[in-house]
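Heads up, the thing below is written out as structure tokens.
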Amino acid sequence: MSAIRLAKLPETTPVKIVIRILPDLHRDLEDYANAYAQAYGKPIELAELIPAMLAGYLDADRAFRQGQKSK
């Protein structure tokens, strides 16, 4: 055990996942990325956008979070 106050930091190494999506979903994601760029004045790659969207979705899913707490 370490004598420092800061706990060990969590693993932050990205994990690569390859998926196939339908053209309609791809078009919607591109549109969302364009809306993001207009809203914040900075373009964003889908590779950055999709993980943030998934994290936000999971964070907002109360039933999922309740299940996580009961483990």
Side-chain angles (χ1 to χ4, degrees):
M1 183 102 171
S2 175
I4 64 173
R5 185 174 182 98
L6 180 66
K8 183 177 179 183
L9 298 176
E11 179 65 42
T12 58
T13 303
V15 176
K16 183 177 181 176
I17 298 175
V18 178
I19 63 168
R20 293 174 190 249
I21 58 175
L22 296 174
D24 290 347
L25 178 56
H26 182 258
R27 190 170 29 258
D28 288 345
L29 289 169
E30 289 284 347
D31 289 346
Y32 198 94
N34 290 332
Y36 179 96
Q38 288 178 355
Y40 296 108
K42 178 183 175 229
I44 188 166
E45 296 291 324
L46 289 182
E48 294 177 60
L49 179 66
I50 293 169
M53 293 175 76
L54 287 172
Y57 176 85
L58 291 175
D59 286 344
D61 188 328
R62 292 180 185 200
F64 176 72
R65 287 293 163 216
Q66 289 295 337
Q68 291 290 305
K69 289 180 184 177
S70 65
K71 286 187 177 181

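All values below come from the heavy atoms of this structure, side chains included, with hydrogens, waters and symmetry mates left out.
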*Closest heavy-atom contact between F64 and L58?*
CD2-O, 4.0 Å
*Does E45 have any side-chain hydrogen bond (donor to acceptor under 3.5 Å, both in side chains) partners at least two apart in sequence or in another chain, and if so, which?*
none
*asked:* For a quick test of reading the model, state the closest non-hydrogen atom pair linking L29 to L46 and the distance between them.
replied: O-CD2, 3.5 Å
_Nearest 0.5 angstrom please: N34 CG to I44 CD1, how far?_
11.5 Å
*Just how far is it from atom CD1 of I50 to atom CG of L25, taken to the nearest 0.5 Å?*
7.5 Å
*Under 4.5 Å between side-chain heavy atoms, hopping through other hydrophobics if needed: is there a path connecting I19 to Y32?*
yes
*asked:* Using the rule that Ile, Leu, Val, Met, Phe, Trp and Tyr join whenever any side-chain heavy atoms are under 4.5 Å apart, tell me whether M53 and Y57 fall into a single cluster.
replied: no
*asked:* If I compare all heavy atoms of A37 with all of P43, which pair ends up nearest, and what's the gap?
replied: CB-CA, 3.8 Å
